[in-house]
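Okay, so here's the structure we're looking at.
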Amino acid sequence: MAWILLLVAGLLEVGWSIGMKYTEGFTRLWPSVFTVLGIAASMLLLAQAARTLPIGTAYGVWVGIGAAGAAILGILVLGEPVTAARIFFISLLLVAVVGLKATSGH
């Protein structure tokens, strides 16, 4: 169950990180409200997952999902540049997430 919570927390991190782009510096009400709610929900789920998972693993996976997901959505939704280097480093993030999961012992 902790891994499911952590996955959802990571996906929420992707959502709020992309959402920040739409808040325009937290000057737009509804994008700001949804972004803040996403941050809170993501943190709460991370905290719940960290009750049973090692914090280094939980935090690393959470950050990895968020960073890789935000980079991928940045490319797909926001028109950010696609380069071989970006794809390579996003792939490294995903490999690190899988590696942390595989070696966590949980």
Side-chain angles (χ1 to χ4, degrees):
M1 185 64 167
W3 284 104
I4 293 168
L5 294 175
L6 188 57
L7 175 63
V8 174
L11 294 174
L12 284 167
E13 186 187 3
V14 174
W16 68 254
S17 64
I18 294 297
M20 283 200 316
K21 185 78 170 171
Y22 295 99
T23 70
E24 295 180 15
F26 290 99
T27 61
R28 296 184 62 218
L29 177 63
W30 291 112
S32 298
V33 167
F34 291 127
T35 299
V36 169
L37 290 174
I39 291 168
S42 181
M43 290 280 184
L44 287 170
L45 291 174
L46 171 62
Q48 287 300 310
R51 291 176 73 187
T52 56
L53 298 174
I55 190 61
T57 299
Y59 185 74
V61 168
W62 180 72
V63 169
I65 291 170
I72 291 167
L73 282 183
I75 290 168
L76 296 176
V77 175
L78 301 175
E80 294 178 358
V82 180
T83 64
R86 287 191 81 179
I87 298 302
F88 173 74
F89 289 114
I90 291 168
S91 299
L92 284 180
L93 282 168
L94 295 173
V95 167
V97 166
V98 171
L100 284 170
K101 164 67 171 102
T103 61
S104 75
H106 285 90

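What you see is a predicted model; the values in this text were computed from it and never measured. All heavy atoms count here, side chains included; hydrogens, waters and symmetry mates do not.
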Would [X] and [Y] show up in the same hydrophobic cluster when neighbours are defined by side-chain heavy atoms closer than 4.5 Å?
X     : Y     : result
Tyr59 : Leu5  : no
Val82 : Leu94 : yes
Leu12 : Leu7  : no
Ile65 : Val8  : no

Shortest non-hydrogen contact from [X] toward [Y]:
X     : Y      : answer
Met43 : Trp62  : CE-CH2, 3.8 Å
Thr57 : Ser104 : CG2-CB, 3.8 Å
Thr35 : Pro31  : OG1-O, 2.7 Å

Note to self: Main chain of Ala9, side chain of Ser42: is a donor-acceptor contact present, judged purely on distance under 3.5 Å?
What the structure shows: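 Judged by distance alone, yes, a pair lies under 3.5 Å.
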Next item on the list: Keeping the roles fixed (side chain from Thr23, backbone from Met20), state whether a donor-acceptor pair exists under 3.5 Å.
Entry: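 Yes, the answer is positive, given that a donor and an acceptor are paired below the 3.5 Å cut-off.
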To the nearest 0.5 Å, tell me how far [X] [atom1] sits from [Y] [atom2].
X     : Y     : atom1 : atom2 : value
Arg86 : Ile72 : CZ    : CD1   : 10.0 Å
Arg28 : Tyr22 : CZ    : OH    : 9.5 Å
Leu78 : Ile18 : CG    : CD1   : 5.0 Å

Less than 4.5 Å apart, any side-chain heavy atom of [X] and any of [Y]?
X     : Y     : value
Leu6  : Leu46 : yes
Val61 : Leu53 : no
Leu93 : Val97 : no
Val36 : Phe26 : yes

Checklist line | Whichever hydrophobic residues join Leu29 through chains of side-chain contacts under 4.5 Å | finding: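 Result for Leu29 is Trp30, Val33, Phe34, Leu37.
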